[in-house]
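First up is the structure itself, then whatever we jot down about it.
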Amino acid sequence: MRIRHLHYFLVVAEELSFSRAAARVHIEPSPLSRAIKELETELGAHLFQRTKGRIRLTWAGEVFREEAHRMLTFMEGARTRVHAAASGYRGRLRIGLTDSLAQPRLIRLLALCREKAPLTEVQIVEMTVSEMVKALGYGQIDAGFTVHAGLDEGFVKEVVWTDRPAIAIPKNHPLLSRDKIPLTELALHSLILCHPELCSGGYDVIRRWFCEYTLPLPSISQYVSGHEPMMMLVAAGYGIGVGLESQITLYNHPEVIVRPVTSDAPSVATFITMLDHPPSEELSQFIARAQQVGSTTTV
């Protein structure tokens with residue numbers, strides 16, 4: 001079984017079209033079809049059902065898709081570890097980063113890891129929460145940072161630090177008459193939020209604020225991919241931005257004033273999430289260092 005056959009199969013399974021899949025892998029449809037047939041012969045099962053010019057995965061194909069993901073992940077992990085070993089590393093951690101959480105504490109954590117464990121390579125991969133869940137299940141990452149409090153069974157979460165929410169307000173806005181912004185006032189204005197799919201953890205946190213206090217959900221002016229475009233739109237007067245204080249303050253803008261939220265909005269925990277089994281020694285040390293950074297630094 002060749003690695004390229006696994007890759008071909010996954011592309012066809014995603015596209016459900018030999019012509020589109022062939023274009024993606026830069027070969028003609030005929031050799032692609034032959035490669036899939038060779039794979040089916042080797043496995044002794046039909047992976048695709050072909051009817052009237054359309055194809056779909058058989059049940060055997062659905063099962064093999066999961067296994068193909070695992071095999072390619074294993075091979076990619078082996079390649080990465082060999083390269084890391086050749087560069088002098090003795091350990092490796094792959095950490096997912098969701099909800100646009102590139103903040104000062106992470107910088108301190110990574111610097112601390114380089115100081116205390118210089119022979120452990122730490123790779124950071126940006127992704128969504130749903131991608132993090134899949135990556136953990138496939139063994140593509142060892143753990144992931146998120147503010148999403150609710151995940152399926154089979155995962156464990158460790159709180160590493162907490163943040164206060166903050167509001168980004170355009171200059172000359174009437175909300176600036178208050179030193180702190182209550183949720184009741186915030187609910188009266190159009191908001192600019194991170195997209196519920198790209199930053200589902202942050203979106204879920206904000207939605208729960210209004211649900212817990214039985215406040216009407218405010219209107220959403222725009223969804224954005226992160227805090228930098230949020231601050232740009234706030235500066236242009238499109239609405240009020242909502243995020244974590246540690247995040248918003250990274251993107252200072254002369255036309256935007258940042259105000260804290262009153263205590264009716266709770267602090268937001270950042271979790272490191274992993275599969276529910278004993279972590280490696282490297283991961284245990286990484287979590288301990290993250291909690292150390294969270295307990296000894298202020299933002």
Side-chain angles (χ1 to χ4, degrees), residues 1-27 29 31-51 53-84 92-99 123-146 148 150-157 196-198 200-201 204 271-280 282-283:
M1 188 179 298
R2 299 179 180 180
I3 293 177
R4 75 168 184 272
H5 285 181
L6 299 179
H7 177 62
Y8 289 167
F9 164 74
L10 289 175
V11 174
V12 175
E14 183 177 333
E15 295 289 346
L16 294 179
S17 164
F18 280 100
S19 59
R20 291 196 299 270
R24 277 183 56 180
V25 298
H26 308 293
I27 64 173
L32 176 60
S33 181
R34 285 197 300 272
I36 297 300
K37 287 182 179 179
E38 290 173 8
L39 188 58
E40 290 177 321
T41 299
E42 185 169 354
L43 292 169
H46 291 293
L47 302 175
F48 296 97
Q49 186 178 63
R50 302 160 175 85
T51 55
R54 296 183 178 182
I55 64 171
R56 66 181 181 85
L57 284 168
T58 62
W59 172 240
E62 295 278 2
V63 171
F64 187 65
R65 179 166 56 179
E66 296 292 319
E67 297 303 324
H69 272 299
R70 294 181 194 278
M71 285 186 278
L72 287 179
T73 297
F74 176 81
M75 292 303 299
E76 182 60 32
R79 184 182 294 111
T80 302
R81 293 191 70 178
V82 168
H83 288 169
R92 179 191 60 158
L93 287 174
R94 300 155 302 168
I95 306 298
L97 186 62
T98 76
D99 302 317
Q123 299 175 341
I124 300 295
V125 185
E126 289 190 276
M127 54 184 55
T128 65
V129 171
S130 62
E131 288 170 341
M132 180 192 74
V133 169
K134 291 179 181 178
L136 285 168
Y138 286 136
Q140 294 172 325
I141 59 173
D142 301 293
F145 285 101
T146 182
H148 205 297
L151 290 174
D152 296 335
E153 293 183 3
F155 298 94
V156 293
K157 303 188 297 293
E197 293 181 4
L198 297 177
S200 62
D204 182 67
F271 305 94
I272 188 163
T273 304
M274 68 209 90
L275 291 178
D276 189 7
H277 58 63
S280 66
E282 291 92 349
L283 182 56

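In what follows, residues are counted from 1 in the order of the sequence shown.
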* Go through the steps for L32 and V11 under the test side-chain contact (heavy atoms from CB on, under 4.5 Å), then give the verdict. => CA-CA 10 Å; L32 176 60; V11 174; over 6 Å; no
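- Partners of E14 by salt bridge (Lys or Arg N to Asp or Glu O under 4.0 Å), not counting sequence neighbours, listed by chain and number: R24.
- By the salt bridge (Lys or Arg N to Asp or Glu O under 4.0 Å) test, D142 is found to be paired with R94, residues two or more places apart in sequence or in another chain being considered.
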* To do: Step by step, work out the side-chain contact (heavy atoms from CB on, under 4.5 Å) result for T128 and E197.
  => CA-CA 7 Å; T128 65; E197 293 181 4; over 6 Å; no
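- The distance from the NZ atom of K134 to the CE atom of M127 is 11.5 Å, given to the nearest 0.5 Å.
- F48 pairs by the ring pair (Phe, Tyr, Trp, His ring centres under 6.0 Å) definition with F9, not counting sequence neighbours.
- With sequence neighbours excluded, the residues forming a salt bridge (Lys or Arg N to Asp or Glu O under 4.0 Å) with R20 are E15, listed by chain and number.
- M274 contributes atom CE, which lies 5.5 Å from atom CG of L283 (distance to the nearest 0.5 angstrom).
- Interatomic distance, I95 CD1 to I272 CD1, rounded to the nearest 0.5 Å: 5.0 Å.
- The ring pair (Phe, Tyr, Trp, His ring centres under 6.0 Å) test applied to F18 returns no partner, not counting sequence neighbours.
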* Asked: Do W59 and Q49 pass the side-chain contact (heavy atoms from CB on, under 4.5 Å) test, and can you show the C-alpha distance, the side-chain angles, and the key distance before you say yes or no?
  -> CA-CA 10 Å; W59 172 240; Q49 186 178 63; over 6 Å; no
* To do: Just do the side-chain contact (heavy atoms from CB on, under 4.5 Å) check on T273 and H148 with the steps written out, would you?
  => CA-CA 10 Å; T273 304; H148 205 297; over 6 Å; no
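- For the atom pair CG (D276) and NZ (K157), the distance works out to 10.5 Å, reported to the nearest 0.5 Å.
- In this structure, CD in E40 is found 8.5 Å from NZ in K37, a value given to the nearest 0.5 Å.
- When the shell of 6.0 Å around CZ of R50 is examined, it contains more than 12 heavy atoms from other residues, nucleotides or ligands.
- Note: L136 CG to F155 CZ = 5.5 Å, rounded to the nearest 0.5 Å.
- Salt bridge present: R65 and E62 bring a charged side-chain N and a carboxylate O closer than 4.0 Å.
- The two residues F145 and T98 come nearest to each other via the heavy atoms O-OG1, 2.8 Å.
- Remark: side-chain polar atoms of T58 are paired, donor with acceptor, to backbone N or O of L47 under 3.5 angstrom.
- Taking each heavy atom of L16 and L57 in turn, the nearest pair found is CD2-N, 4.3 Å.
- The shortest non-hydrogen separation linking A60 to A45 is CB-CB, 4.2 Å.
- Listed by chain and number, the residues in a ring pair (Phe, Tyr, Trp, His ring centres under 6.0 Å) with Y8 amount to none (sequence neighbours excluded).
- In terms of heavy-atom proximity, L39 sits nearest to H5 at CD2-O, 3.9 Å.
- The shortest non-hydrogen separation linking D99 to S200 is OD1-N, 3.5 Å.
- What you find for I55 and S17 is that their closest heavy atoms are CD1-N, 3.7 Å.
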